[in-house]
Each structure stands twice: as structure tokens, then as C-alpha cells.
Number of protein chains: 2
Amino acid sequence: MFSKACEHAIKAMIYIATQSLENKRVKIGDVAKHTGSPEAYTAKIMGTLNKQGIVSSLTGPYGGFEINAKMMKQIKVSDIVFAIDGDSVYNGCGLGLNECSEEKPCPIHNEFVKVRSELKTMLETTSVFDLATKLQSGEVTLVR
Amino acid sequence: MFSKACEHAIKAMIYIATQSLENKRVKIGDVAKHTGSPEAYTAKIMGTLNKQGIVSSLTGPYGGFEINAKMMKQIKVSDIVFAIDGDSVYNGCGLGLNECSEEKPCPIHNEFVKVRSELKTMLETTSVFDLATKLQSGEVTLVR
DNA sequence: TTTTATTCGGATAAAATTGTCATAAATAAA
DNA sequence: TTTATTTATGACAATTTTATCCGAATAAAA
């Protein structure tokens with residue numbers, strides 16, 4: 001569904017959000033530990049997310065990553081997916097055709113658009129804040 | 001969504017089905033031409049589908065691939081996806097956790113299962129025959 | 001029985017993705 | 001200003017996926 005990089009990104013964002021809610025800036029090593037993702041790879045992914053402006057970072061001692069509490073409610077999972085995997089999830093053809101539209105559809109186009117539109121809606125209505133509070137409450141887990 | 005191999009597989013099955021409906025056995029070169037997929041790779045994929053029993057093949061002159069007309073209505077897209085990509089589409093965690101269930105869910109588990117269940121239903125209710133007749137009618141395309 | 005056309009299957013290659021490493025840049029504190 | 005700590009980033013490595021190649025096996029026709 002999503003690339004591995006995208007999975008790492010979503011998990012990292014959720015963990016950082018929980019810490020930001022407690023006004024704690026987190027180092028990449030902490031992120032890796034709490035998400036079970038490879039540290040260096042996650043660092044690279046965070047660079048992309050930082051450039052896209054959906055996470056902020058500070059170098060040096062007492063540095064690390066954080067997400068503004070207000071932003072957190074505005075950032076949706078769809079933003080993370082788009083930042084890492086691009087629009088393939090939303091616009092790509094189910095059979096991988098370069099051009100596949102209402103006018104020139106592939107055989108599964110009509111069946112596919114319906115399901116994908118629901119996936120899109122789901123991602124667009126789920127905020128990082130929603131997921132972070134879920135994680136804080138202990139009802140869900142990031143590792144295992 | 002699906003692997004490239006799986007896309008090739010679905011396209012190949014649909015094309016072979018249209019030919020089988022006209023009692024024509026097709027060679028792998030024909031399949032590749034009409035699906036835009038690489039011939040040798042498709043050949044390998046067909047081997048897997050053949051072993052799984054969702055397509056039949058005959059070696060030698062006048063050989064090739066075909067799908068029994070009765071079977072064609074029973075074979076669903078879900079069977080092809082399962083044969084090539086396994087059950088990851090149906091059971092895999094959205095965040096890639098090894099264990100993710102109702103009891104120990106990941107943060108997006110509940111949102112995810114709903115969408116995926118609709119995808120599953122869609123794939124399970126769409127037969128190769130349905131798609132082949134659509135392609136025959138000219139309302140959809142396999143290449144581009 | 002020989003020839004010819006085709007799939008089968010294993011070895012290999014190429015490309016993409018995932019992951020690591022080392023060095024540079026930034027920044028805060030001493 | 002120096003030092004310690006942390007992110008930023010580009011080069012490299014490993015793994016997985018995608019794709020190719022070629023000889024073996026099979027089967028129909030000559």
C-alpha cells in the first residue's frame with residue numbers, strides 16, 4: 001500500500017507528535033527506538049518531511065524534531081503520504097497504465113476509483129494529532 | 001497498490017480471457033503485445049498462475065495459454081492478486097507492523113480495515129469474465 | 001522419427017528501494 | 001571562542017523487485 005519509507009515517516013510523525021504534546025523535542029535516535037525503524041534511514045526521511053514543512057528540526061545540543069501543536073491538527077496522514085510517495089496512491093491506475101481516466105479507463109477503473117476515493121478521504125480526515133492522542137492513551141502501539 | 005508483477009498478471013489474464021471466449025489459444029508473445037508487458041517477465045508470471053491452476057497452458061506448436069470459459073466466471077481478481085502478491089493486500093498492517101490486530105492495533109488500524117475490506121470485497125466480486133467482456137466491448141483498454 | 005514451435009525453469013542482469021556511513025553544517029553551552 | 005551535540009546530506013552498500021536469456025522439456029505436425 002505505502003512504501004516502507006512512507007511507513008517509517010508516518011510512525012515517526014506520530015511519535016514526535018506525542019512528545020511535542022508534552023513539549024519535548026526528540027532526537028532521531030529516540031524516534032528510531034520508539035518506532036522500530038532504522039535510524040539513519042529515518043533521518044533521511046525526516047529531512048524530506050522537514051523540507052516539506054510538516055515537521056521542524058533544530059540542530060545542535062538540545063536540538064531534535066518537533067511539531068507545532070496547532071499544525072499537528074492540520075497535518076493529515078495524506079500530507080505525509082504525499083510528501084513521501086507522491087500522488088501515485090491517489091491518482092495511479094490500478095493496473096499501472098500511464099493514462100487511465102474516465103474517458104479511457106482500464107478494465108478495473110470504475111471499481112477502483114470508488115475504493116481509492118474512500119482511502120483518500122480516510123487519509124485526509126485523519127490528523128497526526130488524532131493518531132498521537134490515540135498512541136498516548138495506550139490503546140494502540142507503534143512497534144511489534 | 002499491487003506489485004508490477006501483479007499488474008502484469010491481471011492484464012494478461014484479462015487478455016487471455018477475451019481470446020478464450022473466442023476459442024483462441026494465445027502465445028506469450030501475443031499476450032505481451034496486447035498488454036504492453038515485458039514478454040519474458042510475463043512468461044515467468046504465467047508460470048506461477050499456471051501452477052496455481054488459474055490458467056492452463058500447452059507446450060508445443062498450437063500451444064499457448066487459455067482459460068476455461070466456465071472457470072473464467074469463477075476466477076476473481078482477488079485470486080490473481082493472492083496468487084502473485086499473497087495476502088499482504090488483505091491482512092498486512094498499514095504501517096507494516098508484523099503484528100497488528102483488533103487487540104493490538106496500530107494507530108491507523110481501525111481506519112484502515114474498513115477501507116481495505118471494501119477493496120477486498122471489490123476484488124472478490126469482480127471476475128475475469130466481467131473484465132474480459134468489458135475489454136471485448138471496447139469500452140476499456142489494457143495499454144497506454 | 002524428425003522437425004518445429006512452444007512453454008518451463010534456472011541463472012543472470014538491471015533497476016529500484018531500502019538502509020548505512022562518514023563528513024559537513026549548525027547551534028547551544030562552557 | 002572552543003567544544004560538544006545534533007541534524008543535513010551525499011556517497012556507498014545491501015536487498016528486493018523487475019526483467020532478460022538460454023537451454024531443457026513438451027507436444028504437434030511433417
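The sequence lines fix the lettering, A, B, ..., with proteins before strands; numbering per chain opens at 1. Since this is a predicted model, take the numbers as computed values, not measurements.
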[X] [atom1] - [N] [atom2] separation (whole Å):
X	N	atom1	atom2	answer
A:L49	D:dT9	CG	P	13 Å
A:I45	C:dT20	CD1	C1'	13 Å
B:K51	C:dC8	NZ	P	10 Å
A:Y41	D:dC12	OH	P	19 Å
B:I28	D:dT20	CD1	C1'	14 Å
A:D30	D:dT5	CG	C1'	14 Å
B:F2	D:dT18	CZ	P	13 Å
A:E7	C:dT17	CD	C1'	13 Å

| remark: Result for 5'-nearest mapping on DNA chain D, choosing between A:G29 and B:H8, is A:G29
Return the polar atom pairs (N/O with N/O) between nucleotides 25-30 of chain C and the protein under 3.5 Å, or none.
{"unit_1": "C:dA26", "atom_1": "O3'", "unit_2": "A:T59", "atom_2": "OG1", "d": "3.4"}

| note | Quick note, B:A40 side chain, CB onward, closest among D:dT6, D:dC21, C:dT7 is D:dC21
| query | If you check the A:S3 side chain, which of C:dT18, D:dT18, D:dT7 turns out closest? | reply |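 Closest nucleotide among those given: C:dT18.
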| query | Quick one: is D:dT17 close enough that its OP1 or OP2 comes under 4.0 Å of any side-chain N or O from B:K4? | reply | no
| field | B:N50 side chain near C:dC8 phosphate (N/O to OP1/OP2, under 4.0 Å) | value |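 Result: yes.
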Check whether any side-chain N or O of [X] sits under 3.5 Å from a backbone N or O of [Y] as a donor-acceptor pair, and report yes or no.
X	Y	answer
B:K24	B:L21	no
B:D87	B:Y90	no
A:S20	A:N23	no
A:T18	A:Y15	yes

| query | What class does the angle between the rings of A:F112 and B:F2 fall in, given that below 30° is parallel, 30 to 60° is tilted and above 60° is perpendicular? | reply | tilted
| Would you say the side chain of B:K44 and the base of C:dG10 hold a donor-acceptor pair, judged only by whether the two atoms sit under 3.5 Å apart? | yes
| request: Scan side-chain atoms only and decide if A:D85 and A:S88 contain a donor-acceptor pair under the 3.5 Å cut-off. | output: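 No pair is found: no donor N or O on one side chain lies under 3.5 Å from an acceptor on the other.
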| request: In plain terms, say whether B:R25 and B:E66 are close enough for a salt bridge, that is, a side-chain N and a carboxylate O under 4.0 Å apart. | output: yes
